[in-house]
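The next block holds one structure in the form of structure tokens; read it before the comments.
Bear in mind the structure is a predicted one, so any value in this text is a computation, not a measurement. Heads up: numbering here begins at 1 and tracks the sequence.
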Amino acid sequence: MAVVVTRSVYSPAYRRLCEWLVSARLTQRLTQLEVARRLGKPQSFVSKYERGERRLDVVEVVEIAAALSADPCELLSELAQMAGPSSEREPVRDS
């Protein structure tokens with residue numbers, strides 16, 4: 001059985017990741033600037049990942065979750081459930 005890979009920034013799971021990060025920030029009553037300072041990054045870094053314009057790797061997600069005092073395992077568990085088999089996904093083709 002072939003594994004179908006999506007272009008993650010366009011997937012429902014990636015949109016959920018962005019929503020979760022925004023929600024975690026707002027729960028902590030933090031501004032994007034405050035999160036950026038905790039991460040040692042510019043505010044635009046936070047803005048871009050929250051809008052889905054910048055793709056995050058798993059290490060970055062864990063670091064951001066730590067800066068937000070949030071549990072990344074909760075998010076990853078939810079995303080793993082979303083990653084089940086789906087006929088809506090299209091395979092990524094080599095260019």
Q: Take Met82 and Leu79 through the side chain to side chain contact (heavy atoms under 4.5 Å, CB included) test and state the conclusion after the steps.
A: CA-CA 5 Å; Met82 293 178 76; Leu79 295 179; 4.1 Å; yes
Q. In terms of hydrophobic clustering (I, L, V, M, F, W, Y; side-chain heavy atoms under 4.5 Å; direct or indirect links), are Val61 and Leu68 co-clustered?
A. yes
Q: Hey, could you give me the CD/CG distance between Gln32 and Leu26, rounded to the nearest 0.5 Å?
A: 9.0 Å
Q. Mind checking whether Val62 and Leu56 sit in one hydrophobic cluster, side chains of I, L, V, M, F, W, Y counted as touching below 4.5 Å?
A. no
Q | Donor-acceptor under 3.5 Å (Ser77 side chain, Cys73 main chain) | A | no
Q. What is the distance from atom OG1 of Thr31 to atom CZ of Arg37, rounded to the nearest 0.5 Å?
A. 7.5 Å
Q. Are Tyr14 and Val22 co-members of a hydrophobic cluster defined by side-chain heavy atoms under 4.5 Å apart?
A. no
**Q.** Rounded distance [0.5 Å steps], CD in Gln43 versus NZ in Lys48
**A.** 10.0 Å
(Q) With salt bridge (charged side-chain N to carboxylate O under 4.0 Å, His left out) as the rule and sequence neighbours excluded, what pairs involving residues 23-36 come up? (A) Arg25-Glu50
Q. In chain order, what residues pass the side-chain hydrogen bond (donor to acceptor under 3.5 Å, both in side chains) check against Ser47, with sequence neighbours excluded?
A. Arg51
Q. Taking all atoms of both residues into account, what is the closest heavy-atom pair of Asp71 and Trp20, and its distance?
A. O-CZ2, 3.5 Å
**Q.** Exercise: identify the closest heavy-atom pair between Ala67 and Leu39
**A.** CB-CD2, 3.8 Å
Q) In chain order, what residues pass the side-chain hydrogen bond (donor to acceptor under 3.5 Å, both in side chains) check against Glu60, with sequence neighbours excluded? A) Arg54
